[in-house]
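Right, one structure below, let's go through it.
These values consider heavy atoms only, across backbone and side chains, with no hydrogens, waters or symmetry-generated copies. These figures come from a predicted structure and were not determined experimentally.
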Amino acid sequence: NTPVHTIAHFVPAARQALDDLPQLQGLIDTELRYGLDFVEDAQLLAGDGVTPNLSGLITSATAYSGAAESKISNVTLIDKLRVAMLEATLNLYPADGVVLNPEAWMVIETTKDADNRYIFANPTGIAGPVLWGRRVVPSLAMTVDKFLVGAFRVAATIYDRMDTEVLVSSEDRDNFIKNML
């Protein structure tokens with residue numbers, strides 16, 4: 001459980017931007033909502049819990065021990081993810097998903113066998129990212145050297161108190177005298 005926090009994202013705009021409302025709305029609906037979603041993703045994954053930050057999943061997760069790695073030769077990231085799934089299962093939370101940095105997922109997707117054939121990916125295929133039967137979610141909020149494996153359906157639920165809200169104001173620092181919103 002974590003207390004409710006507001007996640008905000010803003011950009012200053014000239015008052016004249018209101019004269020071209022369709023363009024302003026396009027900017028808000030694409031760039032600003034994307035930015036807000038990115039900040040929210042980072043908070044949900046790695047927020048440190050210090051107000052106003054959320055306590056993220058990584059912060060709250062049990063650290064990977066890797067104890068079973070000793071039973072595997074030539075350990076790769078793919079192996080580590082499978083061991084992490086085992087650890088989650090042994091802790092009574094069978095993993096149903098993986099969060100990786102897009103670069104780490106690219107390394108897995110481009111893994112080839114001795115005959116230079118892709119093991120996990122088909123470059124012409126449309127199958128979604130899956131590893132060991134679990135969904136993989138590439139996220140820029142995850143650093144390249146980390147991963148998160150978990151039982152997200154049972155152990156992680158997000159309740160949004162309100163949807164994204166867009167407000168326009170000139171009451172911030174000296175925006176009024178600079179004709180900014």
Exercise. Considering the options I58, I7, L57, L54, which one meets the side-chain contact (heavy atoms from CB on, under 4.5 Å) requirement together with L44?
Worked result: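 That would be L54.
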Mind checking side-chain hydrogen bond (donor to acceptor under 3.5 Å, both in side chains) for [X] and listing every partner two or more places apart, or none if nothing turns up?
X: D48; value: N53
X: S65; value: E87
X: T76; value: D79

Report yes if some heavy atom in the side chain of [X] is under 4.5 Å from a heavy atom in the side chain of [Y]; otherwise report no.
X: L77; Y: R82; result: no
X: E69; Y: K80; result: yes
X: Y64; Y: V149; result: no

For this session: For T110, check side chain to side chain contact (heavy atoms under 4.5 Å, CB included) against everything at least two apart and list the hits.
Result: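 Scan of T110 (side chain to side chain contact (heavy atoms under 4.5 Å, CB included), adjacent residues dropped) gives M106, Y118.
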Exercise. How would you list, by chain and number, every residue that makes a side chain to side chain contact (heavy atoms under 4.5 Å, CB included) with D19, sequence neighbours excluded?
Worked result: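 Side chain to side chain contact (heavy atoms under 4.5 Å, CB included) check on D19 returns Q16.
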Exercise. Applying the 4.5 Å side-chain criterion to the ILVMFWY set and letting contacts propagate, would V39 and I158 be lumped into a single cluster?
Worked result: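 As far as the 4.5 Å side-chain criterion goes, I158 and V39 are connected within one cluster.
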Problem set entry | Working for side-chain contact (heavy atoms from CB on, under 4.5 Å), residues I108 and L81 | CA-CA 11 Å; I108 291 173; L81 293 170; 3.7 Å; yes
Can you give each donor-acceptor pair under 3.5 Å made by side-chain atoms of residues 127-146, sequence neighbours left out, with the distance rounded to 0.1 Å?
from	atom 1	to	atom 2	distance (Å)
W132	NE1	I78	O	3.4
R134	NE	A95	O	3.1
R134	NH1	W132	O	2.7
S139	OG	D41	OD2	2.6
S139	OG	A141	N	3.1
T143	OG1	D145	OD1	2.9

Exercise. Any donor and acceptor pair, going by atom type alone, linking the side chain of D160 with main-chain N or O of M162 inside 3.5 Å?
Worked result: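 Such a contact is absent between D160 side chain and M162 backbone.
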Problem set entry | Side-chain donor or acceptor of T157 paired with backbone N/O of R153 under 3.5 Å |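 No, because the side chain of T157 does not come within donor-acceptor range (under 3.5 Å) of the backbone of R153.
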Exercise. Atom CD in E109, atom CD1 in I119: separation rounded to 0.5 Å?
Worked result: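 The CD1 atom of I119 is 13.0 Å from CD of E109, to the nearest 0.5 Å.
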Exercise. At what distance, to the nearest 0.5 angstrom, does CZ of F147 lie from CG of L100?
Worked result: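 Output value for this atom pair is 8.5 Å.
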